[in-house]
Amino acid sequence: MLTEDAAIAIQEALKSQVIATDILPDPIKIIAGADVEYDKDSNLIAGSIVLLDYTTLQVIAVASHCMEATFPYIPGLFSFREMPSLLRAYEKLPVQPDLIICDGQGIAHQRRFGLAAHFGVTLNKPVIGCGKTKLCGEYQDLGAARGSIAPLMDPEQIGNALRTQDNINPVFVSVGHKISLPTATNIVLQMCTQYRLPETTRLADHYARLALLEHKK
DNA sequence: GCGACAG
DNA sequence: ATCTTGTCGC
């Protein structure tokens with residue numbers, strides 16, 4: 001059983017491996033979304049990875065994995081709760097994506113090692129962190145128009161608040177692994193074609209919910 | 001002690 | 001995360 005202190009030690013040991021520069025395929029062909037769904041009245045969780053054609057956003061493949069959660073939700077130790085199911089789902093994919101967008105923070109984290117960073121370093125793959133709310137840091141003067149950006153400071157810049165639709169609450173983009181913040185921010189905006197959240201996240205959430213329902217039948 | 005706290 | 005439907009405010 002992993003203790004809280006041991007989990008923090010793992011983060012401290014791995015965070016130096018994060019690469020915050022662009023090391024990704026030139027034309028990106030396949031982009032992935034990753035999300036985990038929770039059962040309301042049990043300890044079951046379902047992780048899903050959905051693969052999309054980068055240019056058409058058509059679904060190429062989906063893989064999911066249901067299991068009992070093995071670690072509690074503790075702010076700052078989120079990856080230890082969600083990553084096991086995501087790794088199992090990832091192993092079931094028929095092909096690998098060029099890039100993954102995670103539902104959660106990358107280095108916009110108290111120890112600079114959130115879910116997207118942990119997942120990226122573990123897979124040695126480019127990963128973007130895109131959270132719906134912030135974990136830490138502050139921002140100001142975010143414009144109201146789609147595409148507006150404000151740096152998330154803690155006290156140095158750890159990510160961006162990004163307005164993905166006019167007058168709608170921003171999302172929080174940060175480096176996970178093998179990508180720069182400007183590139184990550186642009187890609188997230190590009191994935192937000194119609195809603196606040198990237199299509200990758202919306203679809204992963206949808207398929208994770210289906211996997212959970214199917215597992216309970 | 002108080003508030004904040006990814007999902 | 002899960003609570004969910006109609007309602008308040010711009």
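All values derive from a computational prediction rather than experimental measurement. Lettering follows sequence order; numbering is per chain, from 1.
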What's the [atom1]-[atom2] distance between [X] and [N], to the nearest Å?
{"X": "A:Leu44", "N": "B:dG7", "atom1": "CG", "atom2": "C1'", "answer": "16 Å"}
{"X": "A:Lys134", "N": "B:dC5", "atom1": "NZ", "atom2": "C1'", "answer": "9 Å"}
{"X": "A:Leu197", "N": "B:dG7", "atom1": "CG", "atom2": "C1'", "answer": "13 Å"}
{"X": "A:Leu135", "N": "B:dG7", "atom1": "CG", "atom2": "C1'", "answer": "10 Å"}
{"X": "A:Leu77", "N": "B:dG7", "atom1": "CG", "atom2": "C1'", "answer": "13 Å"}
{"X": "A:Gln105", "N": "B:dC5", "atom1": "CD", "atom2": "P", "answer": "11 Å"}
{"X": "A:Phe78", "N": "B:dC5", "atom1": "CZ", "atom2": "C1'", "answer": "12 Å"}
{"X": "A:His118", "N": "B:dG7", "atom1": "NE2", "atom2": "C1'", "answer": "16 Å"}

Taking all non-hydrogen atoms of both residues into account, name the closest pair between [X] and [Y] and its distance.
{"X": "A:Leu212", "Y": "A:Ile45", "result": "CD1-C, 4.1 Å"}
{"X": "A:Tyr139", "Y": "A:Leu152", "result": "CD2-CD1, 4.1 Å"}
{"X": "A:Gln165", "Y": "A:Thr193", "result": "NE2-C, 4.0 Å"}

Is it true that A:Arg112 and A:Asp154 have a side-chain N and a carboxylate O under 4.0 angstrom from each other? yes
Cationic N near anionic O, under 4.0 Å, A:Asp103 to A:Lys132: yes
Hydrophobic clusters here meaning ILVMFWY residues chained together by side-chain heavy-atom distances under 4.5 Å, can you tell me if A:Leu86 and A:Leu197 are in one? no
Would you say A:Val59 ends up clustered with A:Leu210 if hydrophobic residues are merged whenever their side chains have heavy atoms under 4.5 Å apart, either directly or through other cluster members? yes
On the 0 to 90° scale, with breaks at 30° and 60°, tag the A:Tyr90-A:Phe119 ring pair as parallel, tilted or perpendicular. perpendicular
Across the strands shown, which category fits [X] at heavy-atom distances under 4.0 angstrom: base, sugar-phosphate, nothing?
{"X": "A:Gly131", "answer": "sugar-phosphate"}
{"X": "A:Leu86", "answer": "nothing"}
{"X": "A:Gly76", "answer": "base"}

Please list each protein N or O that sits under 3.5 Å from an N or O in nucleotides 1-4 of chain C, with the distance.
| from | atom 1 | to | atom 2 | distance (Å) |
| --- | --- | --- | --- | --- |
| C:dT2 | OP1 | A:Glu37 | OE2 | 2.1 |
| C:dT2 | OP1 | A:Arg209 | NH2 | 3.4 |

Do A:Asp53 and A:Thr55 pair up side chain to side chain, a donor and an acceptor below 3.5 Å, judged on atom types alone? yes
Side-chain H-bond candidate by donor/acceptor type, A:His65 with A:Lys92, under 3.5 Å: yes
Taken to the nearest 0.5 Å, the spacing of A:Asn160 CG from A:Cys130 SG works out to 11.0 Å
Given Watson-Crick and G-U pairs under 3.5 Å, DNA chain C in dot-bracket ([ ] crossing, | other strand) is ..........
Looking at B:dC5, I'd like to know if its phosphate oxygens (OP1 or OP2) sit under 4.0 Å from a side-chain N or O belonging to A:Thr133. no
Could you check whether A:His109 and A:Phe78 have their ring centres less than 6.0 Å apart? no
Structure string for DNA chain B in dot-bracket form, Watson-Crick and G-U at under 3.5 Å, | interchain: .......
